[in-house]
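What follows is a set of notes on a single structure, which appears directly below.
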Amino acid sequence: MWAPQQEKESVEVNDRSYDERVCDVLIIGAGGAGLRAAIESHDRGAKTLVVCKSLLGKAHTVMAEGGIAAALGNVDPKDSWEVHFSDTIVEGQHLSNWRIVEIFAKEAIERVYELERYGAVFDRTPAGKISQRPFGAHTYRRLCNIGDRTGLELIRTLQDQVVARGVPFMDEVMTTCLFRDPKTGRAAGALGIDIKTGKLLLFRARAIIIATGGSGRVYQVTSNSYESTGDGIGMAYRAGAELMDMEMIQFHPTGMIYPPGVRGMLVTEAVRGEGGILTNSEGERFMSKYDPKRMELSARDVVARSIYTEIMAGRGSKGGGVYLDISHKGADHIKKKLPSMYDQFLAFADIDITKDKMEVAPTVHYQMGGIRVDPETAESSVKGLYAAGEVASGLHGANRLGGNSLSDILVFGKRAGDAAAKSATAVDLPSVDSKEVEKEISRVLSPFSSTGSANPFHIKEEIASNMWAHVGIVRNAVDLEAGLVEIERLRKDAKGLKAVGPRAYNQSWTDSLQVLDMLLICEAMIRSALERKESRGAHTRSDFPAKDPKWLVNIITVQEDGKMVRRTVPVSTPPQELQRLIKEDD
Amino acid sequence: METHASAQPDQRKTIRLRILRGTGERTSSPHYDTFEVPREEGMVVLNAVHYIQSHLDPSLSIRWNCKAGRCGSCSAEINGRPQLMCKTRVDSIEGEITIEPMQAFPRLKDLVTDVTANWKVAATIPPFTPKANAGDIYTFYQADVDRSREFRRCIECFLCMDVCHVIREHEADYMGPRWVVKAASLDMHPMDGLNRSKFMKDAGGLGYCNITKCCQEICPEHIVITDDAIIPEKERVVDRHYDPILWVYRRLKGGATAGETK
Ligand SMILES: Cc1cc2nc3c(=O)[nH]c(=O)nc-3n(C[C@H](O)[C@H](O)[C@H](O)COP(=O)(O)OP(=O)(O)OC[C@H]3O[C@@H](n4cnc5c(N)ncnc54)[C@H](O)[C@@H]3O)c2cc1C
Ligand code: SF4
Ligand code: SF4
Ligand code: FES
């Protein structure tokens, strides 16, 4: 099993050759969405291949903490899919697609039980059922959890299922571009880099699922993984797919602020779910001013804005955040319910949260927008191209509820896998234009022949600090315009991006390619944010502070004739029987 | 050796890192590069390495993802001890910091090793197989959860594999500590109907482990690998009903049992 070092052949930096891989369904991404899609597609008999940029089992999903939302009603029997539906629509500020939310709320329940049958071990109620904890803006206790390690359990369980089924996968492969059949326009393939060796790969498939997760890494202060650079959004956009709601970025209310090296690291909402209290420098429990009814468990956008307001008003903590305290719950309870948080603060900040307060401030957490998809099949506006998970849009509207993402990735991962497998059996293998492949290879290899000396790690930092400074929690036209100017400047710098060293595991190369898509995504985010002249959910404009019914629209971003264009489409109203379910809080 | 540093660095303001470089390719000979990085309060080794990529040498290769000790990507040997770079505080180390890749696995480039052989092993372990009477919605209790939880914390950093002398010597027949933990996590699953101990002994080469306990000393998730996973798996072959945690639980609860032993 364990072979000693073997001498490998090296790949010349300008080597244009590639290996070809053909399958029915190509799945890009192995987070919860990609893995669940793989199981479905494989079980439906499609020849499936999964590729992912990080190692198998290390996708961003692994970090999810608090839980997975599904209306099992195990703790609060009054809960039902109908209430989950209403909570999601209301907290999404009515920007969600009602049909996507309906499917989600109904199917999340079965997906959780199915995950348990796959081998996940959830915390229990005294009666031996899956236990459920409270979370912000969920009417009932609804988050099924595994301590504060829900994502780890979810991804390991799905990974085991994929491995046991023998579904082929290639980890540490980064795709850079999607190809479409020149005649039919159907998605036909992708170019990839085998990161380990630096070799190029051409994937050809009858259907492609993008499950590449979010793009939180375009921000300086973020809870997101290294890999969350939005590649899938960039690739889909360049292939002509429609994006939606790109202005909607979730700032999680509580990220660590100290020490500087871990700034942005998530402090799970479960701390507040378990009774954590937020105070300002005056010792005031300030949430009573902003949402006296739900207090710390208000919606994320509300809590994040409240913290921001307190800090801006000079009532911040010493480190520039606010205080979060759970110590009153006692050491036993904390170590049992929040073991990772206990470890995290002890290891990184020398703080014992069973005794002392934490200092927290908002951190970029989740992207509500992304690839626009059909509710039933998760197909994008490009035929044969599907999207599921954080990379897709339509479920969370203007604000995502905690726990809704993990159920999202299971529900729509499965649906995408199902639909892609079905459509794959109905079509011939689409063709890929070899001229386009050659063009993409030239683009991909260009950082090696670059005469510039731009460092991609450095440019990434500049992108991130620009977005943090200009496209933050509270926005205005002046800042957004300045952000755009900066993106244009960085785009010029990026022309000089330089890859140094050999092809194998060369991050100066792979990161250079990511930078280009990050710039695209930032532009889409800023232009959409400029367009939406109102404040709604996570999108707050100081120059347009009110919510405006005129803006009950989704902003679509698409590439036309090489240009980024936008149009708005009204949010469709749910049918009467669903409309009746929606219970406005105020 | 290459030094990217000024002549007289102040150790209170900067940290000196020695990093083993090389690709494992025919043309590459491994060597150490030394870098001087500004010290920041509370910084971890991964922060220092990022500084190098961004300011001193963009050709340095590292594997990382979560930067929060959750994904198990950033495993390396820091001053000889297998650790996660993102969880190792710089201020916990006196003087110079030497970082080398895990030695048990073939090197890809610099600090990155090829761990893919693990997936082949993973595929051979009998997967979760629910008991015949499990039903569609499971009923089991928190005590059952608690006794399997320890093994389910594994983040697959493979540091235990790196420290294990059996694996280091490339003993082809031993699956290694991570995979014994996996088998234990399945065997301890309250609804699982299999017993993998015989399999682990026959196909997993469990006999090669001579209980040195090096693996459990370095596990970043504090899994007590040898005592809680390896030894019980070894002993379960002899007595199929040996379950130390349930046994303790029964004693504490005066005979109440939440699940059944297999
Ligand atoms: C700290 C933290 C805690 C969270 N806690 C919760 C929670 O408690 N509950 C909840 O519901 N949600 C939570 N979330 C959000 C949730 O974890 C994510 O939204 C969700 O896991 C996204 O899953 P995904 O499958 O869509 O994508 P990801 O898990 O992000 O996976 C993306 C995959 O795509 C691959 N990929 C990316 N680009 C490429 C490329 N170019 N080529 C090939 N592969 C590529 C990656 O390698 C990876 O395999 C949390 C998020 C964070 C950061
Ligand atoms: S206890 Fe066994 S598995 Fe662990 S390091 Fe020693 S020999 Fe290896
Ligand atoms: S058992 Fe511990 S050391 Fe081994 S892979 Fe798992 S987390 Fe890492
Ligand atoms: S980067 Fe994930 S464990 Fe270190």
Side-chain angles (χ1 to χ4, degrees), chain A residues 1-10 54-58 60 62-63 113 116-119 121-124 127-129 147 149 152-153 156 160-161 163-164 166 171 196 225-227 258-262 265-266 340 344 347-349 455-458 461 500-502 504-508, chain B residues 23-27 40-44 47 50 53-55 58-59 61-62 64-73 87 104 106-109 112 114-115 117 119-123 127-128 130 136-142 145 148-149 152-153 155-156 167 170-173 175-176 189-190:
Chain A
M1 292 170 220
W2 311 111
Q5 184 85 43
Q6 275 168 354
E7 294 204 328
K8 304 185 290 336
E9 287 301 334
S10 56
S54 52
L55 282 177
L56 183 68
K58 311 223 176 295
H60 182 68
V62 80
M63 293 169 82
Y113 284 126
E116 178 162 87
R117 287 195 298 275
Y118 284 163
V121 177
F122 287 97
D123 279 346
R124 313 310 285 184
K129 297 179 182 172
R149 287 299 187 86
L152 174 68
E153 185 80 6
R156 204 64 84 230
D160 286 356
Q161 290 289 327
V163 167
D171 55 0
K196 290 189 184 78
S225 298
Y226 172 46
E227 68 183 1
Y258 179 85
V262 301
M265 193 184 283
L266 193 74
S340 302
Q344 179 173 316
F348 294 111
N455 175 325
F457 307 105
H458 205 76
E461 284 170 15
V500 266
Y505 223 97
N506 188 327
Q507 285 156 317
S508 68
Chain B
T23 60
E25 284 169 355
R26 207 166 291 169
T27 46
E40 242 193 87
E41 225 180 319
M43 86 196 284
V44 292
N47 295 136
H50 280 159
Q53 280 192 321
S54 168
H55 299 274
S59 75
S61 301
I62 52 172
W64 68 286
N65 207 8
C66 71
K67 207 174 152 303
R70 298 290 172 78
C71 74
S73 296
K87 239 186 158 176
R107 180 171 324 140
L108 284 172
K109 171 137 190 299
V112 184
D114 187 354
V115 294
W119 306 141
K120 295 204 187 80
V121 177
F128 170 65
D136 271 353
I137 294 180
Y138 296 168
T139 303
F140 56 86
Y141 300 91
Q142 192 62 32
V145 175
S148 72
R149 179 60 40 86
R152 310 185 74 83
R153 285 205 309 258
I155 56 171
E156 297 191 338
I167 307 295
H170 308 295
E171 176 47 66
D173 293 333
M175 280 187 179
H189 191 300

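Numbered from 1 within each chain, the chains take letters A, B, ... in sequence-line order. Values reported hereafter were calculated over all heavy atoms of this structure, with side chains retained and with hydrogens, waters and symmetry mates removed.
With a threshold of 4.5 angstrom between heavy atoms, B:Val145 approaches chain A through its backbone and through its side chain. Heavy atoms of A:Glu116 lying under 4.5 Å from chain B belong to its backbone as well as its side chain. For A:Leu266, no part lies under 4.5 angstrom from a heavy atom of chain B. Of the atoms belonging to B:Ser148, it is side-chain heavy atoms, and not backbone ones, that fall under 4.5 Å from chain A. Within the 4.5 angstrom heavy-atom criterion, only backbone atoms of A:Phe122 (N, CA, C, O) approach chain B.
Ring orientation note: the planes of A:Tyr226 and B:Trp64 are close to parallel, at an angle under 30° on the 30°/60° scale.
If you tally non-hydrogen atom pairs under 4.5 Å between each of A:Ala164, A:Ser54, A:Pro260 and chain B, the highest count goes to A:Pro260. For the set B:Gly176, B:Pro127, B:Gly69, B:Ala68, the count of heavy-atom pairs under 4.5 angstrom toward chain A peaks at B:Ala68. When B:Ile62, B:Ile167, B:Asp114, B:Asn65 are compared by the number of non-hydrogen pairs under 4.5 Å with chain A, B:Asn65 comes out ahead. Ranked by non-hydrogen atom pairs under 4.5 Å with chain A, the options B:Lys109, B:Arg153, B:Glu41 are led by B:Glu41. Most heavy-atom pairs under 4.5 Å with chain A: of the set B:Gln53, B:Met43, B:Lys120, this distinction falls to B:Gln53. Of the listed residues B:Lys67, B:Glu156, B:Glu40, the one with more heavy-atom pairs under 4.5 angstrom with chain A than any other is B:Glu156. In terms of heavy-atom pairs under 4.5 Å with chain B, the best-connected choice from A:Asp123, A:Asn506, A:Val262 is A:Asp123. Looking only at heavy-atom pairs under 4.5 Å with chain B, the residue among A:His458, A:Arg117, A:Glu227, A:Met265 that has the most is A:Arg117. Ranking B:Pro106, B:Cys71, B:Ser54 against chain A, the residue ahead of the rest is B:Ser54, based on heavy-atom pairs under 4.5 Å.
Across all non-hydrogen atoms, the minimal contact from B:Arg149 to A:Val121 is NH2-O, 3.3 Å. Of all non-hydrogen atoms in B:Ala123 and A:Val163, the two that sit nearest each other are CA-CG1, 3.5 Å. Closest of all the heavy-atom pairs between B:Pro58 and A:Val500 is CG-CG2, 3.5 Å. When every heavy atom of A:Arg149 is checked against every heavy atom of B:Ile155, the shortest pair comes out as NH1-CG2, 4.3 Å. Considering every non-hydrogen atom in both B:His55 and A:Asn455, the closest pair reads N-ND2, 4.3 Å. Here the closest heavy-atom approach between residue B:Gly72 and residue A:Lys58 is recorded as O-CE, 3.3 Å.
Between the side chain of A:Arg124 and the main chain of B:Phe140, a donor-acceptor pair closer than 3.5 Å is present. A donor-acceptor pair under 3.5 Å is formed between the side chain of B:His189 and the backbone N or O of A:Gly119. Under a 3.5 Å cut-off, the side chain of B:Ser59 and the backbone N or O of A:Gly501 do not form any donor-acceptor pair.
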Test side-chain contact (heavy atoms from CB on, under 4.5 Å) applied to B:Val44 and A:Phe348, step by step: CA-CA 8 Å; B:Val44 292; A:Phe348 294 111; 3.9 Å; yes
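Between B:Phe128 and A:Asp160 there is no side-chain heavy-atom pair separated by less than 4.5 Å. Here the side chains of A:Arg156 and B:Arg152 are not in contact, with every heavy-atom distance at 4.5 Å or above.
One distance of note links CD of A:Gln344 with NZ of B:Lys87; it measures 9.0 Å at 0.5 Å rounding. Summarising the geometry, atom CZ belonging to B:Arg107 is positioned 15.0 Å from atom OH belonging to A:Tyr505; distances are rounded to the nearest 0.5 Å.
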